[in-house]
Amino acid sequence: MFTREREPFLKVLLILLSVILPNVPGFAQGTTRPWMDKSLSPDARADLLVKRMTLDEKIQVVHGLPSMGFSAGFKRVAGSLGGDGFVPGILRLGIPDQQQIGAGVGITNLGQRVHGQATTLPSSLAETSTWDRKMAYDFGSVIGSETRDEGFNVSLGGGIDLARDPRCGRNFEYHGEDPILAGTILAQELRAVQDQGIVATIKHYAVNDQESGRFYVSSNLNWRALRETDLLAFEIGLKDSGVGAVMCSYNRVNDVYSCQNSYLLNDVLKLDWGFKGWVMSDWGATHSTVNAALSGLDQEMPTGVYFGDALKKAVEEREVPMSRLDNMVHRILRTLFAAGVFDNPSAVKPLGAQVDADIAQRVEERGAVLLKNAGGLLPLNASTVHSIAVIGSHADVGVLSGGGSAQVDPIGGDAVPPKRVLHGSALFVHPVWDPSSPLKAIREEVPNAAVKYDAGTDFAAAAKLAASSEVAIVFVHQWTREGADLPNLSLPDNQDQLIRQVAAANPHTVVVLENGDPVLMPWLDDVQAVLEAWYPGQRGGLAIANILFGKFDPSGKLPITFPMSESDLPRRHIQQPPPGEGYFDVDYMEGLKVGYKWYEASHIKPLFPFGYGLSYTTFSFSNLTLTPASTDGSSDVQVSFDVKNTGSRAGADVAEVYIGLPSSTDEPPQRLVGWAKVHLDRGQSHRVTVTINPQAASHPLSFWNTDVLGWDTANGVYKIYVGDSSQDIHLTGTLDVQHAGGRPAIP
Ligand code: BGC
């Protein structure tokens with residue numbers, strides 16, 4: 001009998017049972033929570049769970065609640081860790097909270113997380129400039145482990161909109177202008193994030209290629225170009241990584257909002273690519289309930305305006321079938337199961353900051369691109385240089401980072417006090433300078449030399465210091481951020497003039513660029529060397545100094561073309577919304593000809609071509625042999641050649657393989673299809689084989705055939721180009737492909 005006296009005893013018994021029973025083999029699996037049986041597939045586990053959920057519980061999983069603490073009058077929801085997104089879990093069923101955090105170049109801190117500092121990685125453009133799959137994986141492992149160690153389980157990193165316009169404010173978060181390079185590098189990053197037991201996201205699907213008017217613009221592109229350029233980058237990034245979430249974008253694509261674009265979400269993503277994860281909206285990019293749900297959106301973020309009560313009503317009234325809601329929930333839960341979020345939850349613990357900073361440094365050392373080095377000025381010889389002028393861009397204390405929702409609060413704090421700026425109701429802190437001083441790192445390289453700093457604000461004073469030094473190193477910057485594009489590619493704040501005056505005072509002038517987009521260089525002939533450092537990250541100062549003094553041979557290659565002038569671009573100006581922020585169209589008339597393909601097809605010489613970058617040593621290429629793929633598809637095309645280090649020191653080069661499709665396909669002159677980064681000692685030679693799999697997610701030999709709505713391969717002669725930039729082709733050959741045959745259309 002239950003009596004009052006026995007109550008304390010029963011309470012203790014209940015507590016003990018609640019602790020012991022879940023650990024008794026078979027209990028959790030067999031009785032109360034069969035979905036916790038790890039031997040079942042993620043889909044089977046999700047099915048079991050969905051069956052046990054009430055309508056309200058299902059609705060709870062498909063939208064978020066406010067969690068970012070930067071808006072006026074904001075109150076964070078209980079349970080949220082203060083990341084960018086929060087979807088409360090369901091205790092009764094053991095469904096974990098979804099704690100979502102921005103993570104493009106490190107774990108962000110847009111809200112008011114007290115312990116929100118994290119490792120700032122170099123920009124994604126720097127990561128892509130490494131052309132190094134292993135580095136991209138390491139980059140992702142920093143994001144994955146820090147996401148986990150800060151208690152989050154969904155990372156919102158992984159931007160892959162193509163750099164169709166070099167003025168786009170978010171290019172630094174993206175992976176350049178080539179879909180195959182971008183997709184391949186990002187896939188490695190995302191795989192690494194998910195290997196840490198985190199759900200990763202790929203975004204912004206699709207064609208969010210400019211920030212100006214991003215809520216109102218329609219990105220218009222013909223279907224073939226869409227599949228072969230912007231969507232191809234997603235296809236590779238997604239298929240080669242198994243990423244769990246896709247974020248649909250703010251803009252419209254061919255007139256239809258991305259987050260209710262059935263072609264993009266249902267036909268291409270889910271049906272054709274077989275994506276099993278979930279589609280979440282960008283923050284506030286949902287525009288309807290029934291339409292969005294039926295068009296393939298699975299989760300509204302960050303709130304539930306359309307997918308809260310309104311979706312519940314739509315399901316009750318059968319405007320949205322229960323089966324569709326179940327599918328939305330299934331997709332979310334199966335992804336959480338697959339990533340390990342149920343079985344191995346994230347827990348807050350100290351970050352592996354030292355290891356992560358080492359990785360940030362390695363990425364920067366391999367991603368910085370040496371653009372000019374006249375007379376072999378670099379590397380500087382630490383034992384012979386006596387005086388160096390270091391000028392500009394807060395190089396005494398730090399290096400620049402890109403702004404917006406990818407902004408990281410760097411470990412060690414801001415090097416320069418940032419401004420606090422209100423955009424609407426959101427407070428942004430920017431620009432953020434990461435605390436890694438190039439000046440200090442340079443001084444450590446040459447402890448006996450006179451290394452003096454000038455802020456670069458008074459040009460005459462900077463020139464005076466340069467005149468009295470053997471070498472002048474001018475740091476210049478271009479700050480870019482989410483929500484705005486650059487009006488042009490000129491360095492802001494008259495920095496061109498600063499460079500000119502310094503260069504006039506000292507013939508041994510080195511320019512170091514910290515930027516998110518290409519820049520014009522009217523002073524290029526006046527300076528001896530230019531190092532593209534991008535946004536260099538947590539250890540940027542050290543990495544730059546290591547390259548300048550030759551501790552590290554530069555091996556980065558541009559993932560984006562640097563134009564001579566804006567008049568060479570497909571659009572003279574980046575299009576702005578009409579007054580009053582009305583709807584407008586950007587017609588991407590260049591279609592297939594993105595980046596280098598545009599310049600080549602239009603016979604325009606860029607300032608620096610895609611794939612370009614110097615080393616401190618030199619390389620030669622020889623002995624090209626080509627092996628065609630077997631007709632039964634069991635073996636791939638093999639492109640083999642020798643690369644030799646012909647200079648006087650060890651170094652690395654990226655051997656790039658481009659293909660020109662038969663003219664019947666009407667493709668741009670060449671496309672990148674593969675590459676190998678080769679590290680060679682002085683005098684060493686290596687036979688490289690780049691394998692091209694015609695069946696790969698990159699569809700390297702195919703074109704999108706709009707007649708059959710499928711990938712198709714033309715018979716004919718394929719030209720093969722091997723070089724170390726898209727313009728420096730050292731070897732050419734041909735492949736005759738017959739009986740290629742088409743591929744079936746989308747079912
Ligand atoms: C950005 C997304 C980001 C989200 C949450 C939006 O403004 O476009 O990339 O993930 O905010 O921070």
Side-chain angles (χ1 to χ4, degrees), residues 103-107 117-146 157 172 185 188-189 192 351-370 378-380 382 390 393-402 408-415 432-446 473 475 512-515 531-557 613 615-616 650-652 677 679:
V105 293
I107 309 314
Q117 291 188 351
T119 302
T120 308
L121 289 155
S123 67
S124 305
L125 272 184
E127 175 202 13
T128 313
S129 298
T130 66
W131 294 55
D132 185 332
R133 295 166 176 84
K134 165 81 170 64
M135 274 330 316
Y137 186 89
D138 290 352
F139 186 102
S141 67
V142 173
I143 292 176
S145 62
E146 294 202 1
F172 78 93
I185 293 292
Q188 291 302 315
E189 176 192 322
L351 305 182
Q354 205 56 31
V355 173
D356 295 351
D358 286 347
I359 293 174
Q361 180 181 335
R362 285 209 293 275
V363 172
E364 176 60 16
E365 285 167 343
R366 287 158 181 79
V369 185
L370 183 63
L378 298 178
L380 298 172
V390 174
S393 297
H394 301 293
D396 54 336
V397 288
V399 289
L400 187 57
S401 65
V408 178
D409 187 357
I411 288 176
D414 299 307
V432 170
W433 295 81
D434 297 323
S436 177
S437 158
L439 178 68
K440 185 162 168 271
I442 291 170
R443 283 195 171 135
E444 278 163 16
E445 295 286 344
V446 280
I473 308 175
F475 287 79
V512 178
L513 295 158
E514 293 171 22
N515 48 326
L531 179 68
E532 171 54 81
W534 309 111
Y535 297 139
Q538 192 73 50
R539 290 255 188 88
L542 200 56
I544 290 169
N546 280 347
I547 292 175
L548 292 177
F549 285 91
K551 278 195 179 149
F552 204 89
D553 185 85
S555 60
K557 302 277 182 175
S615 155
Y616 292 150
K677 194 160 189 173
H679 301 261

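- Looking at residues two or more places apart in sequence or on another chain, you find a side-chain contact (heavy atoms from CB on, under 4.5 Å) between S615 and D553, T617, F619.
- Residues passing the ring-ring contact (aromatic ring centres under 6.0 Å, His included) test with Y535, sequence neighbours excluded: F172.
- Listed by first then second residue, pairs satisfying salt bridge (charged side-chain N to carboxylate O under 4.0 Å, His left out) with a partner in residues 534-552 read D358-R539, E445-K551, not counting sequence neighbours.
- In this structure, CD in E514 is found 5.0 Å from CD1 in I544, a value given to the nearest 0.5 Å.
- Residues meeting the side-chain hydrogen bond (donor to acceptor under 3.5 Å, both in side chains) test with T130, sequence neighbours left out: none.
- Residues satisfying the side-chain contact (heavy atoms from CB on, under 4.5 Å) criterion with A382, sequence neighbours excluded, are V446, F549.
- Scanning for salt bridge (Lys or Arg N to Asp or Glu O under 4.0 Å) contacts around D356 gives an empty result, with sequence neighbours left out.
- Under the rule for a side-chain hydrogen bond (donor to acceptor under 3.5 Å, both in side chains), the partners of E532 that lie at least two apart in sequence or sit in another chain are N515.
- S393 contributes a side-chain N or O that, together with a main-chain N or O of F475, makes up a donor-acceptor pair within less than 3.5 Å.
- By the ring-ring contact (aromatic ring centres under 6.0 Å, His included) test, W534 pairs with no residue at all, sequence neighbours left out.
- For S437, the side-chain contact (heavy atoms from CB on, under 4.5 Å) partners two or more places apart in sequence, or in a different chain, are L439, K440.
- Nearest heavy-atom pair across S436 and G540 is OG-N, 3.4 Å.
- By the side-chain contact (heavy atoms from CB on, under 4.5 Å) test, P410 pairs with T120, D414, V432, D434, P435, Q538, sequence neighbours left out.
- Applying the side-chain hydrogen bond (donor to acceptor under 3.5 Å, both in side chains) criterion to E127, with sequence neighbours excluded, gives H175.
- By the side-chain hydrogen bond (donor to acceptor under 3.5 Å, both in side chains) test, D132 is found to be paired with no residue, residues two or more places apart in sequence or in another chain being considered.
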